[in-house]
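Ligands are counted one by one from 1 in listed order, and the atoms in each one are counted from 1 as well.
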Amino acid sequence: MNLYRRLLATGSLAALVSFGAIANSAQAQDYPTRTITMIVPFAAGGPTDVISRIVTAHMAQTLGHSIIIENVVGAAGTTATARAARAANDGYTLITGHMGTHAASLPLYPKLAYHPEKDFEPIALLAGTPILILARKDFPPKDLKEFIAYVKANTEKVNAAHAGVGSVSHVSCELLNSLLDIKPIGVPFNGTGPAMNALVGGQVDYMCDQIVNAVPQINGGTIKAYAIATPERNPSLPNLPTTAEAGLPAFQAQAWNAIFAPKGTPGPVIAKLNAAAAKALDDEGVRKRLLDLGSVIPKPAERTPEALAALVKSEIAKWSPVLKPASN
Ligand code: MLT
(Lines give C-alpha, C1' and ligand atoms only; values in the text may rest on other atoms or scores of the structure.)
Protein backbone atom coordinates (compact mmCIF):
# COMPACT_ATOMS: atom_id res chain seq x y z
CA MET A 1 0.00 0.00 0.00
CA ASN A 2 1.48 3.36 -0.93
CA LEU A 3 1.77 6.21 1.53
CA TYR A 4 -1.31 8.02 0.20
CA ARG A 5 -3.54 4.92 0.62
CA ARG A 6 -2.13 4.21 4.08
CA LEU A 7 -2.84 7.78 5.23
CA LEU A 8 -6.35 7.55 3.75
CA ALA A 9 -7.05 4.21 5.45
CA THR A 10 -6.03 5.47 8.86
CA GLY A 11 -7.85 8.79 8.50
CA SER A 12 -4.52 10.62 8.81
CA LEU A 13 -4.81 12.26 5.40
CA ALA A 14 -8.06 13.98 6.27
CA ALA A 15 -6.53 15.10 9.56
CA LEU A 16 -3.45 16.43 7.77
CA VAL A 17 -5.55 18.29 5.20
CA SER A 18 -7.75 19.93 7.82
CA PHE A 19 -4.72 20.77 9.97
CA GLY A 20 -3.15 22.40 6.91
CA ALA A 21 -6.32 24.41 6.26
CA ILE A 22 -6.43 25.60 9.88
CA ALA A 23 -2.74 26.54 9.78
CA ASN A 24 -3.21 28.45 6.49
CA SER A 25 -6.22 30.28 7.82
CA ALA A 26 -4.38 31.18 11.07
CA GLN A 27 -1.46 32.47 8.98
CA ALA A 28 -3.86 34.52 6.87
CA GLN A 29 -5.44 36.04 10.02
CA ASP A 30 -1.98 37.06 11.34
CA TYR A 31 -0.88 38.42 7.97
CA PRO A 32 1.42 40.20 7.49
CA THR A 33 4.19 39.16 9.86
CA ARG A 34 7.11 40.23 7.67
CA THR A 35 8.19 42.41 4.75
CA ILE A 36 6.13 42.21 1.54
CA THR A 37 7.72 42.45 -1.92
CA MET A 38 5.91 44.42 -4.61
CA ILE A 39 7.27 43.59 -8.04
CA VAL A 40 7.19 46.54 -10.44
CA PRO A 41 7.57 45.16 -13.96
CA PHE A 42 9.29 48.27 -15.39
CA ALA A 43 12.28 50.47 -14.62
CA ALA A 44 12.43 52.70 -11.55
CA GLY A 45 11.20 56.25 -12.04
CA GLY A 46 8.49 55.38 -14.59
CA PRO A 47 4.72 55.66 -14.06
CA THR A 48 4.14 52.14 -12.66
CA ASP A 49 7.04 52.58 -10.26
CA VAL A 50 5.94 56.03 -9.11
CA ILE A 51 2.30 55.02 -8.51
CA SER A 52 3.40 51.85 -6.70
CA ARG A 53 5.76 53.74 -4.41
CA ILE A 54 3.19 56.42 -3.51
CA VAL A 55 0.45 53.93 -2.62
CA THR A 56 2.54 51.16 -1.02
CA ALA A 57 4.29 53.61 1.33
CA HIS A 58 0.88 54.28 2.89
CA MET A 59 -0.24 50.63 2.72
CA ALA A 60 2.87 49.63 4.67
CA GLN A 61 1.84 51.95 7.54
CA THR A 62 -1.60 50.33 7.64
CA LEU A 63 -0.23 46.80 7.47
CA GLY A 64 2.55 47.43 9.99
CA HIS A 65 5.28 45.96 7.76
CA SER A 66 7.46 47.35 4.98
CA ILE A 67 6.64 46.87 1.32
CA ILE A 68 9.80 46.67 -0.75
CA ILE A 69 9.61 47.61 -4.41
CA GLU A 70 11.55 45.29 -6.69
CA ASN A 71 11.92 46.53 -10.27
CA VAL A 72 12.14 43.50 -12.57
CA VAL A 73 12.47 44.62 -16.18
CA GLY A 74 12.17 42.94 -19.58
CA ALA A 75 9.75 42.05 -22.38
CA ALA A 76 7.31 44.90 -21.65
CA GLY A 77 6.73 43.75 -18.09
CA THR A 78 5.86 40.17 -19.03
CA THR A 79 9.08 38.69 -17.56
CA ALA A 80 8.23 40.09 -14.13
CA THR A 81 4.56 39.19 -14.42
CA ALA A 82 5.40 35.55 -15.23
CA ARG A 83 7.65 35.51 -12.18
CA ALA A 84 4.89 36.94 -9.97
CA ALA A 85 2.44 34.33 -11.28
CA ARG A 86 4.78 31.57 -10.09
CA ALA A 87 5.61 33.14 -6.69
CA ALA A 88 4.34 31.63 -3.44
CA ASN A 89 0.68 32.54 -2.98
CA ASP A 90 1.11 33.67 0.61
CA GLY A 91 0.65 37.42 0.18
CA TYR A 92 4.36 38.23 0.49
CA THR A 93 4.94 38.64 -3.26
CA LEU A 94 2.61 40.98 -5.16
CA ILE A 95 2.82 42.80 -8.48
CA THR A 96 1.66 46.11 -9.85
CA GLY A 97 0.27 45.15 -13.24
CA HIS A 98 -1.29 47.39 -15.83
CA MET A 99 -3.23 47.61 -19.05
CA GLY A 100 -0.25 46.12 -20.88
CA THR A 101 0.83 43.25 -18.61
CA HIS A 102 -2.73 42.20 -17.72
CA ALA A 103 -4.57 42.75 -21.02
CA ALA A 104 -2.72 43.87 -24.17
CA SER A 105 0.13 41.35 -23.81
CA LEU A 106 -2.25 38.41 -24.04
CA PRO A 107 -3.02 38.74 -27.77
CA LEU A 108 0.47 40.05 -28.57
CA TYR A 109 2.41 37.14 -27.04
CA PRO A 110 0.95 33.79 -28.12
CA LYS A 111 3.34 32.01 -25.71
CA LEU A 112 2.76 34.31 -22.76
CA ALA A 113 3.91 32.39 -19.65
CA TYR A 114 0.88 33.45 -17.60
CA HIS A 115 -2.78 34.23 -18.02
CA PRO A 116 -3.85 37.57 -16.52
CA GLU A 117 -7.16 36.15 -15.27
CA LYS A 118 -6.33 32.52 -14.47
CA ASP A 119 -2.98 33.08 -12.71
CA PHE A 120 -3.76 36.09 -10.51
CA GLU A 121 -6.02 37.27 -7.72
CA PRO A 122 -7.01 40.89 -8.37
CA ILE A 123 -6.51 43.10 -5.30
CA ALA A 124 -7.16 46.76 -6.11
CA LEU A 125 -7.08 49.31 -8.90
CA LEU A 126 -4.67 52.09 -7.93
CA ALA A 127 -4.95 54.74 -10.62
CA GLY A 128 -6.20 55.58 -14.08
CA THR A 129 -3.49 57.14 -16.22
CA PRO A 130 -4.50 59.20 -19.28
CA ILE A 131 -2.20 59.01 -22.29
CA LEU A 132 -0.44 62.08 -23.70
CA ILE A 133 1.21 62.67 -27.07
CA LEU A 134 4.69 63.98 -26.27
CA ALA A 135 7.80 64.96 -28.20
CA ARG A 136 11.32 66.13 -27.59
CA LYS A 137 11.53 69.83 -26.82
CA ASP A 138 12.97 70.82 -30.20
CA PHE A 139 10.71 68.60 -32.34
CA PRO A 140 9.60 71.04 -35.08
CA PRO A 141 5.74 70.74 -34.93
CA LYS A 142 4.15 73.36 -32.68
CA ASP A 143 0.72 71.77 -32.21
CA LEU A 144 -1.09 68.49 -32.89
CA LYS A 145 -2.16 69.46 -36.44
CA GLU A 146 1.45 70.26 -37.34
CA PHE A 147 2.58 67.05 -35.58
CA ILE A 148 0.23 64.97 -37.73
CA ALA A 149 1.42 66.61 -40.95
CA TYR A 150 5.08 66.32 -39.91
CA VAL A 151 5.09 62.64 -38.92
CA LYS A 152 3.12 61.73 -42.06
CA ALA A 153 5.64 63.59 -44.23
CA ASN A 154 8.63 62.11 -42.37
CA THR A 155 7.35 58.66 -41.47
CA GLU A 156 10.61 56.91 -42.49
CA LYS A 157 12.76 59.26 -40.43
CA VAL A 158 10.89 59.79 -37.16
CA ASN A 159 11.18 57.43 -34.24
CA ALA A 160 8.92 56.71 -31.28
CA ALA A 161 10.12 55.55 -27.86
CA HIS A 162 8.20 52.90 -25.93
CA ALA A 163 8.58 50.43 -23.08
CA GLY A 164 8.53 47.24 -25.15
CA VAL A 165 6.00 45.46 -27.33
CA GLY A 166 2.78 45.24 -25.35
CA SER A 167 3.57 48.06 -22.93
CA VAL A 168 1.09 50.90 -22.52
CA SER A 169 3.34 53.32 -24.41
CA HIS A 170 3.74 50.84 -27.28
CA VAL A 171 0.07 49.90 -27.59
CA SER A 172 -1.12 53.53 -27.29
CA CYS A 173 1.26 54.74 -29.99
CA GLU A 174 0.35 51.75 -32.20
CA LEU A 175 -3.22 53.04 -32.00
CA LEU A 176 -2.08 56.58 -32.84
CA ASN A 177 0.20 55.42 -35.66
CA SER A 178 -2.53 53.29 -37.21
CA LEU A 179 -4.94 56.24 -37.10
CA LEU A 180 -2.33 58.37 -38.86
CA ASP A 181 -1.30 55.50 -41.14
CA ILE A 182 2.40 55.88 -40.30
CA LYS A 183 5.13 53.42 -39.33
CA PRO A 184 7.82 55.22 -37.34
CA ILE A 185 10.93 53.44 -36.10
CA GLY A 186 10.19 52.02 -32.64
CA VAL A 187 12.82 52.49 -29.95
CA PRO A 188 12.24 50.13 -26.98
CA PHE A 189 13.33 50.81 -23.41
CA ASN A 190 12.86 48.91 -20.14
CA GLY A 191 10.21 51.38 -19.08
CA THR A 192 9.11 54.89 -19.88
CA GLY A 193 11.32 56.17 -17.06
CA PRO A 194 14.42 55.63 -19.21
CA ALA A 195 12.42 56.42 -22.38
CA MET A 196 11.54 59.81 -20.89
CA ASN A 197 15.23 60.45 -20.17
CA ALA A 198 15.93 59.83 -23.87
CA LEU A 199 13.08 62.17 -24.88
CA VAL A 200 14.39 64.90 -22.57
CA GLY A 201 17.89 64.29 -23.97
CA GLY A 202 16.56 64.65 -27.53
CA GLN A 203 17.66 61.12 -28.52
CA VAL A 204 14.14 60.09 -29.59
CA ASP A 205 11.39 62.08 -31.33
CA TYR A 206 8.06 61.29 -29.74
CA MET A 207 6.23 59.04 -27.31
CA CYS A 208 2.73 58.21 -26.08
CA ASP A 209 3.08 58.04 -22.31
CA GLN A 210 1.05 57.92 -19.13
CA ILE A 211 0.46 61.36 -17.64
CA VAL A 212 2.19 60.52 -14.34
CA ASN A 213 5.53 60.33 -16.12
CA ALA A 214 5.03 63.53 -18.10
CA VAL A 215 3.63 66.24 -15.80
CA PRO A 216 6.95 67.16 -14.11
CA GLN A 217 8.75 67.32 -17.47
CA ILE A 218 6.02 69.35 -19.20
CA ASN A 219 5.89 71.80 -16.31
CA GLY A 220 9.69 71.98 -16.31
CA GLY A 221 9.70 72.78 -20.05
CA THR A 222 11.99 69.87 -20.90
CA ILE A 223 9.60 68.21 -23.40
CA LYS A 224 6.65 69.17 -25.64
CA ALA A 225 3.08 67.93 -25.09
CA TYR A 226 0.54 68.06 -27.94
CA ALA A 227 -2.64 66.64 -26.44
CA ILE A 228 -4.24 64.42 -23.83
CA ALA A 229 -6.19 61.46 -25.24
CA THR A 230 -9.20 61.69 -22.91
CA PRO A 231 -12.58 63.38 -23.40
CA GLU A 232 -11.78 66.04 -20.76
CA ARG A 233 -8.70 68.10 -19.98
CA ASN A 234 -6.75 67.06 -16.87
CA PRO A 235 -6.61 69.45 -13.87
CA SER A 236 -2.85 68.86 -13.53
CA LEU A 237 -2.29 70.26 -17.04
CA PRO A 238 -5.19 72.68 -17.60
CA ASN A 239 -3.64 74.25 -20.71
CA LEU A 240 -3.10 70.98 -22.56
CA PRO A 241 -5.89 70.44 -25.14
CA THR A 242 -7.70 67.16 -25.54
CA THR A 243 -7.14 65.22 -28.75
CA ALA A 244 -10.69 66.22 -29.76
CA GLU A 245 -9.93 69.91 -29.24
CA ALA A 246 -6.59 69.57 -31.02
CA GLY A 247 -8.03 67.88 -34.13
CA LEU A 248 -7.73 64.10 -33.57
CA PRO A 249 -10.88 63.03 -31.68
CA ALA A 250 -10.49 59.37 -32.68
CA PHE A 251 -7.37 58.99 -30.54
CA GLN A 252 -8.66 58.15 -27.06
CA ALA A 253 -6.41 56.26 -24.63
CA GLN A 254 -6.25 55.81 -20.90
CA ALA A 255 -4.28 53.14 -19.02
CA TRP A 256 -4.48 51.89 -15.44
CA ASN A 257 -2.26 50.36 -12.76
CA ALA A 258 -3.45 47.81 -10.21
CA ILE A 259 -2.20 45.32 -7.61
CA PHE A 260 -2.42 41.57 -8.16
CA ALA A 261 -1.37 38.51 -6.12
CA PRO A 262 -0.59 34.99 -7.36
CA LYS A 263 -3.66 32.78 -7.80
CA GLY A 264 -4.72 31.03 -4.62
CA THR A 265 -3.57 33.76 -2.23
CA PRO A 266 -5.96 33.35 0.74
CA GLY A 267 -9.12 35.47 0.78
CA PRO A 268 -8.39 37.11 4.17
CA VAL A 269 -4.97 38.23 2.83
CA ILE A 270 -6.57 39.71 -0.29
CA ALA A 271 -9.14 41.47 1.90
CA LYS A 272 -6.41 43.01 4.12
CA LEU A 273 -4.41 44.20 1.12
CA ASN A 274 -7.52 45.60 -0.56
CA ALA A 275 -8.52 47.48 2.59
CA ALA A 276 -4.99 48.90 2.94
CA ALA A 277 -4.99 50.05 -0.70
CA ALA A 278 -8.45 51.63 -0.34
CA LYS A 279 -7.31 53.42 2.83
CA ALA A 280 -4.26 54.74 1.00
CA LEU A 281 -6.46 56.08 -1.81
CA ASP A 282 -8.55 57.95 0.78
CA ASP A 283 -5.52 59.55 2.40
CA GLU A 284 -5.22 63.24 1.63
CA GLY A 285 -1.46 63.17 1.15
CA VAL A 286 -1.58 60.16 -1.18
CA ARG A 287 -4.46 61.68 -3.14
CA LYS A 288 -2.62 64.98 -3.56
CA ARG A 289 0.52 63.29 -4.86
CA LEU A 290 -1.45 61.15 -7.32
CA LEU A 291 -3.67 64.04 -8.46
CA ASP A 292 -0.73 66.43 -8.87
CA LEU A 293 0.67 63.89 -11.35
CA GLY A 294 -2.62 63.74 -13.25
CA SER A 295 -3.78 60.28 -12.08
CA VAL A 296 -7.47 59.48 -11.97
CA ILE A 297 -8.18 58.06 -8.50
CA PRO A 298 -10.67 55.16 -8.61
CA LYS A 299 -13.98 55.72 -6.84
CA PRO A 300 -14.73 53.33 -3.92
CA ALA A 301 -16.87 51.04 -6.12
CA GLU A 302 -13.98 50.74 -8.59
CA ARG A 303 -11.48 49.65 -5.90
CA THR A 304 -12.83 46.18 -5.09
CA PRO A 305 -11.17 42.94 -6.29
CA GLU A 306 -14.40 42.16 -8.18
CA ALA A 307 -14.29 45.50 -10.00
CA LEU A 308 -10.64 44.88 -10.94
CA ALA A 309 -11.48 41.36 -12.20
CA ALA A 310 -14.22 42.90 -14.38
CA LEU A 311 -11.81 45.58 -15.66
CA VAL A 312 -9.20 42.97 -16.65
CA LYS A 313 -11.86 40.92 -18.44
CA SER A 314 -13.21 43.93 -20.34
CA GLU A 315 -9.71 45.15 -21.26
CA ILE A 316 -8.76 41.71 -22.63
CA ALA A 317 -11.98 41.71 -24.65
CA LYS A 318 -11.20 45.23 -25.90
CA TRP A 319 -7.59 44.63 -26.95
CA SER A 320 -7.68 41.02 -28.18
CA PRO A 321 -9.43 41.67 -31.50
CA VAL A 322 -7.34 44.80 -32.17
CA LEU A 323 -3.82 43.54 -31.43
CA LYS A 324 -2.15 40.87 -33.50
CA PRO A 325 0.75 38.66 -32.33
CA ALA A 326 3.96 40.65 -32.32
CA SER A 327 6.51 39.76 -34.95
CA ASN A 328 9.35 41.58 -33.19
C1 MLT B 1 6.47 52.14 -16.96
O2 MLT B 1 6.25 52.17 -15.75
O3 MLT B 1 7.62 52.24 -17.42
C4 MLT B 1 5.30 52.07 -17.90
O5 MLT B 1 4.13 51.68 -17.26
C6 MLT B 1 5.66 51.42 -19.15
C7 MLT B 1 4.57 51.34 -20.19
O8 MLT B 1 3.79 50.41 -20.10
O9 MLT B 1 4.55 52.13 -21.13
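By the criterion of side-chain heavy atoms lying less than 4.5 angstrom apart, applied directly or through intervening Ile, Leu, Val, Met, Phe, Trp or Tyr residues, F42 is not grouped with M99; the two fall into different hydrophobic clusters. A continuous path of ILVMFWY side-chain contacts below 4.5 Å connects V212 to I259, so both sit in one hydrophobic cluster.
The ligand atoms of ligand 1 that sit less than 4.0 angstrom from a heavy atom of Q210 are 4 (C), 5 (O), 7 (C). Taking every non-hydrogen atom of V168 and a distance limit under 4.0 Å, the qualifying atoms of ligand 1 come out as 7 (C), 8 (O), 9 (O). Residue S167 has at least one heavy-atom neighbour below 4.0 Å for each of these atoms of ligand 1: 7 (C), 8 (O), 9 (O). Numbered from 1 in the order shown, with element, the atoms of ligand 1 that lie under 4.0 Å from a heavy atom of G191 read 3 (O). Each of the atoms 5 (O), 7 (C), 8 (O) of ligand 1 lies under 4.0 Å from some heavy atom of H98. Each of the atoms 1 (C), 2 (O), 4 (C), 5 (O) of ligand 1 lies under 4.0 Å from some heavy atom of T48.
Using a 4.0 Å cut-off between a side-chain N of Lys or Arg and a carboxylate O of Asp or Glu, E284 and R289 do not qualify as a salt bridge.
Note on ligand 1: G100 sits outside its first shell, no heavy atom being nearer than 4.0 Å.
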Please lay out, stage by stage, how Q254 and T230 fare under the test side-chain hydrogen bond (donor to acceptor under 3.5 Å, both in side chains). CA-CA 7 Å; Q254 173 160 299; T230 48; 5.5 Å; no

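Applying the 6.0 Å contact sphere to NZ of K313 captures no more than 12 heavy atoms from other residues, nucleotides or ligands. Environment of NZ in K263: crowded, with over 12 heavy atoms of neighbouring residues, nucleotides or ligands closer than 6.0 Å.
Only the side chain of A163 comes within 4.0 Å of ligand 1, counting heavy atoms alone; its backbone N, CA, C and O stay farther away. With a 4.0 Å heavy-atom cut-off, ligand 1 is reached by no atom of H162.
In this structure, Y206 and F147 have perpendicular ring planes: the angle between them is above 60°, well past the 30° mark.
For atom 9 (O) of ligand 1, the nearest non-hydrogen atom of the protein is S169 OG, 2.6 Å. For atom 3 (O) of ligand 1, the closest non-hydrogen atom on the protein side is T192 N, 2.8 Å.
Within the 6.0 Å centre-distance limit, the rings of F120 and H102 are counted as a close aromatic pair.
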